[in-house]
K.L.:
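Sharing a structure with you now.
Note that the coordinates shown come from a computational prediction; the quantities given were computed from them, not determined experimentally. Numbered from 1 within each chain, the chains take letters A, B, ... in sequence-line order.
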There are 2 protein chains.
Amino acid sequence: MLTSKAKYALRAMIDLAIETGTGPRRPFFIGDIARRQDIPRRFLENILLDLRKHGLVVSHRGKAGGYALAKAPDLISFADIIRAIDGPLALTPCTSRTAYQRCEDCRDEAMCAIRKTMLKVRQASADILESTTLAQAASTGEGVNDAIDQVRATGD
Amino acid sequence: MLTSKAKYALRAMIDLAIETGTGPRRPFFIGDIARRQDIPRRFLENILLDLRKHGLVVSHRGKAGGYALAKAPDLISFADIIRAIDGPLALTPCTSRTAYQRCEDCRDEAMCAIRKTMLKVRQASADILESTTLAQAASTGEGVNDAIDQVRATGD
DNA sequence: CGTAAACTCAATTGACTTGGTAGAGTCAAC
DNA sequence: GTTGACTCTACCAAGTCAATTGAGTTTACG
């Protein structure tokens with residue numbers, strides 16, 4: 001399972017992508033993101049700091065500061081965000097591309113049945129998570145908001 | 001990542017499958033499994049107890065007791081074992097088939113971009129883990145042992 | 001019988017992680 | 001030079017992980 005920190009991170013990043021839209025990337029306040037996404041504000045500070053250290057957002061300090069996406073929304077994947085917050089996608093260290101570590105107790109990696117299967121799982125998960133970008137998520141995300149706004153507007 | 005408990009469980013179950021081979025399912029001692037697989041013995045007791053409570057192994061008490069596979073090796077999948085020890089395969093509660101829980105903060109499940117992606121990941125992972133059985137793992141596993149024995153025999 | 005050798009069950013432990021909170025900063029725009 | 005933003009370090013309570021411990025209970029066998 002993802003930690004709630006990682007889920008918050010995904011939501012915050014999608015929020016940034018939605019607010020940014022197709023225009024230039026400009027910074028938004030933590031407080032605004034926290035309010036819109038209903039994320040504990042001080043906790044979101046930690047999360048955005050982590051994301052910044054991993055190069056996924058940039059910050060501007062001072063009165064007109066805030067956080068902005070570090071890259072175009074179609075260049076940031078779910079995998080980037082999850083890896084930044086929760087660490088490797090793989091189910092075992094011996095199948096992680098980003099944090100590989102040999103099994104201490106595995107006699108022959110090439111033949112290990114567990115490893116073979118975990119490699120397949122990691123590959124399948126990574127394929128999906130790396131090909132899903134903020135740009136895609138933001139467009140479905142906006143759909144949700146539009147739909148809700150419409151419901152609200154028509155009083156349904 | 002899997003917990004080490006789940007990895008031990010997979011190893012112990014594969015060990016049982018290898019020892020059982022194609023013959024009838026008979027019980028093996030915790031101590032023997034622990035020694036062969038280099039798993040802390042008392043910890044393995046907990047694990048086998050969990051696996052028994054989930055119906056994956058059966059136990060016999062008393063002097064000639066032990067643990068045996070509850071079903072044929074080709075009817076027990078990696079997914080069964082991982083679910084028994086670590087819980088749901090899904091990355092979020094809202095995409096778990098076995099422990100579904102609605103997102104408290106999700107406005108529209110059908111349109112949620114995060115959920116949509118996590119569903120795909122769970123489906124892909126489950127497809128692999130449910131189709132990989134102890135029977136398959138045991139045959140590659142035996143290959144490893146044979147290969148190692150051969151290396152030992154030829155002194156290489 | 002009775003006892004050795006197996007499984008069973010509940011509890012404990014120590015280190016670490018998770019999900020937050022708090023406070024004292026630093027920085028930049030006006 | 002103050003205001004309103006981010007930053008850094010630290011802290012905390014609760015829970016999880018990875019075992020370990022100890023006191024049973026059960027059964028085969030002589």
K.L.:
For D:dC17, take OP1 and OP2 only and decide whether either is under 4.0 Å from a side-chain N or O of B:S4.
P.N.:
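No, B:S4 has no side-chain N/O under 4.0 Å of OP1/OP2 on D:dC17.
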K.L.:
Is the phosphate of D:dA5, meaning OP1 or OP2, less than 4.0 Å from a side-chain N or O of A:Y67?
P.N.:
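Indeed not, no polar side-chain atom of A:Y67 lies that close.
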K.L.:
Are A:L2 and A:L10 side-chain neighbours, meaning at least one heavy-atom pair lies under 4.5 Å?
P.N.:
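A:L2 vs A:L10: side chains touch.
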K.L.:
Flag the pair B:D38 and B:R11 as a salt bridge only when some basic side-chain nitrogen lies within less than 4.0 angstrom of an acidic carboxylate oxygen.
P.N.:
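The answer is no: the pair does not qualify as a salt bridge.
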K.L.:
Is it the case that the side chain of A:R83 and the backbone of A:P88 share a donor-acceptor pair, with hydrogens and angles ignored and the cut-off at 3.5 Å?
P.N.:
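Between the backbone of A:P88 and the side chain of A:R83 there is no qualifying donor-acceptor contact (under 3.5 Å).
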K.L.:
Would you kindly say whether A:D86 and A:T3 are connected by a side-chain donor-acceptor distance under 3.5 Å?
P.N.:
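Yes, because at least one side-chain N or O of A:D86 sits under 3.5 Å from a partner of the opposite role on A:T3.
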K.L.:
Among C:dG19, D:dC6, D:dA19, which is the nearest nucleotide to the side chain of A:T3?
P.N.:
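Of the options given, the side chain of A:T3 lies nearest C:dG19.
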K.L.:
Can you find a heavy atom in the side chain of A:L134 that is under 4.5 Å from one in the side chain of A:I81?
P.N.:
yes
K.L.:
Output one letter per nucleotide in nucleotides 25-30 of chain C: B when a protein non-hydrogen atom lies under 4.0 Å from the base, S when only the sugar-phosphate is that close, - when neither is.
P.N.:
-BBB--
K.L.:
Going by heavy atoms closer than 4.0 Å, what residues in residues 29-53 of chain B are next to DNA chain C?
P.N.:
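By residue number: B:F29, B:I30, B:R41, B:R42, B:E45, B:L49, B:R52.
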K.L.:
When you measure from the side-chain N and O atoms of A:Y8 to the phosphate of C:dG20, is any distance below 4.0 Å, counting only OP1 and OP2?
P.N.:
yes
K.L.:
Which parts of residues 93-103 of chain A get close to DNA chain C, meaning a heavy atom less than 4.0 angstrom away?
P.N.:
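Hits under 4.0 Å, by residue number: none.
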K.L.:
Stepwise, does the salt bridge (charged side-chain N to carboxylate O under 4.0 Å, His left out) test hold for A:E19 with A:R36?
P.N.:
CA-CA 11 Å; A:E19 295 297 319; A:R36 281 194 298 265; 3.5 Å; yes
K.L.:
Should A:S59 be listed as having a side-chain N or O under 4.0 Å from OP1 or OP2 of D:dT7?
P.N.:
yes
K.L.:
Looking at B:R122 and B:E130, is any side-chain nitrogen of the basic one under 4.0 Å from a carboxylate oxygen of the acidic one?
P.N.:
no
